[in-house]
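Below you'll find the structure, written out as structure tokens, and then a few comments.
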Number of protein chains: 2
Amino acid sequence: MKRTIFIFTILIVAILTLFQLSKYTIISGDTKIEMIIGVIAIVFFVIGVYMNKRSLHRKRLPEGSIDHKKIKELGLSKRECEVLNQIATGRSNQEIAEKLFVSESTVKTHVSNILMKLDVKRRTQAVQKAKELQIIAF
Amino acid sequence: MKRTIFIFTILIVAILTLFQLSKYTIISGDTKIEMIIGVIAIVFFVIGVYMNKRSLHRKRLPEGSIDHKKIKELGLSKRECEVLNQIATGRSNQEIAEKLFVSESTVKTHVSNILMKLDVKRRTQAVQKAKELQIIAF
DNA sequence: GTGTATTTGGTACTTTAGTATGAGTTCTTT
DNA sequence: AAAGAACTCATACTAAAGTACCAAATACAC
């Protein structure tokens, strides 16, 4: 949020400077008007492209925001959600165990519970359903 | 492609018109230079936003269409792609076999080849990678 | 502090997934 | 028609994944 304010401040300053500059140059009369207009056009075009990109990014990334209501409905615990996300990245039980510093048995228990709660039979289906329900960040 | 040329033509015409208009108005001397610059700035800002949106849309929406080049690069056959899509829906080898009217052995062979070509070890990873490479419709 | 839910872990077992190898069939390309 | 790629299927095997059942440590609310 601080960065946004910072960027906007710089932007406004830049715009005002451009305005002043253009006025000043016109009065002195030794620069062609086309040049100034060209510069302004390019600058604002770039600004337009840049700001649009930023706003679109902001909309895309927070799709990572998860449906916490549905998670509660399904009764998924924190740990189970972690495991579910690990499954979604394509990791094996063994790899998940190493990543979360627990035994493979524990992971298997979690996986079993996840499959039950999501009402599916395989981990691949779990990933599919989790995506549909938007309870994972993918 | 035709539409792109059409849009660009209109754009260039609009820009030239603006230039001429600005020059004309300055000569007549009864409009303030700030107004003209402001209009140009706004117009080019809008153009920037619009064009950026279009180019981004072109990249995002046809994600439903698959990267056929990459499929060829990887050497994936038609059947293998079908199996890959089935895997992505969370189906088991047995279920895929029934869906495609072949034996489970055949499916296993396909899956093995897919894993090799995608350079992964598990079907869950294959789904993950296939999504990244945009070779499945998900 | 008592009870409930979570997290952890184990054993034993069944099922599914994946590998390796070989081979017959179909389809296309030259 | 011959070569090569793609598709098919089988057997035998190893490796994961998943189930069932149990149990202890921890956390947390009441």
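Computation of the quantities below employed the complete heavy-atom set of this structure, encompassing side-chain atoms and omitting hydrogens, waters and symmetry-equivalent molecules. Protein chains get the first letters and strands the later ones, always in sequence-line order, with residue 1 at the start of each.
Here OG of Ser92(B) is found 7.0 Å from CZ of Arg123(B). Values are rounded to the nearest 0.5 Å. Going from atom CD1 of Ile96(B) over to atom OG1 of Thr106(B) covers 12.0 Å, rounded to the nearest 0.5 Å. To the nearest 0.5 Å, the span separating CD on Gln128(A) from CG on Leu133(A) amounts to 10.5 Å. Taking OG of Ser77(B) as the start and NE2 of His110(B) as the end, the distance is 6.5 Å to the nearest 0.5 Å. The line from CD of Glu80(B) to CD1 of Ile87(B) is 10.0 Å long, rounded to the nearest 0.5 Å. Between the CG atom of Leu84(A) and the CD1 atom of Ile71(A) there is a distance of 8.5 Å, given to the nearest 0.5 Å.
Between Arg79(B) and Val102(B), the closest side-chain pair of non-hydrogen atoms falls below 4.5 Å. With a 4.5 Å cut-off on side-chain heavy atoms, Cys81(B) and Ile135(B) do not count as touching.
Nucleotide dT8(C) holds its P atom 12 Å from the NZ atom of Lys78(A), rounded to whole Å. Between Glu80(A) atom CD and dA5(C) atom C1' there is a gap of 11 Å when expressed in whole angstrom units. The nearest whole Å value for the distance from the CZ atom in Arg91(B) to the C1' atom in dT16(C) is 17 Å. If you measure from atom CZ of Arg79(A) to atom C1' of dT7(C), you get 8 Å, rounded to the nearest angstrom.
In summary, contact between chain A and DNA chain D, defined as any nucleotide atom under 4.0 Å from a heavy atom of the protein, begins and ends at dA17(D) to dT19(D) in the 5' to 3' direction.
The side chain to side chain donor-acceptor pair (under 3.5 Å) check on Arg91(A) picks up Gln86(A), Thr89(A), with sequence neighbours excluded. Partners of Leu115(B) according to the side-chain contact (heavy atoms from CB on, under 4.5 Å) rule, which considers only residues two or more places apart in sequence or in another chain, are Val111(B), Val120(B), Ala126(B).
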Go through Leu100(A) and Val107(A) one step at a time and tell me if the side chain to side chain contact (heavy atoms under 4.5 Å, CB included) criterion holds. CA-CA 9 Å; Leu100(A) 301 182; Val107(A) 176; 5.6 Å; no
Full working for side chain to side chain contact (heavy atoms under 4.5 Å, CB included) between Glu95(A) and Arg122(B): CA-CA 12 Å; Glu95(A) 286 170 344; Arg122(B) 283 171 294 282; 2.8 Å; yes
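Residues from residues 68-75 of chain B that place a heavy atom under 4.0 Å from any atom of DNA chain D: there are none. If you check residues 95-106 of chain A against DNA chain D, you find no residue with a heavy atom closer than 4.0 Å. For residues 109-127 of chain B, proximity to DNA chain D is found at Thr109(B), His110(B), Arg122(B), defined as any non-hydrogen atom under 4.0 angstrom from a strand atom.
For Glu132(A) (side chain) and Lys129(A) (main-chain N/O), no donor-acceptor pair under 3.5 Å exists by modelled atom type.
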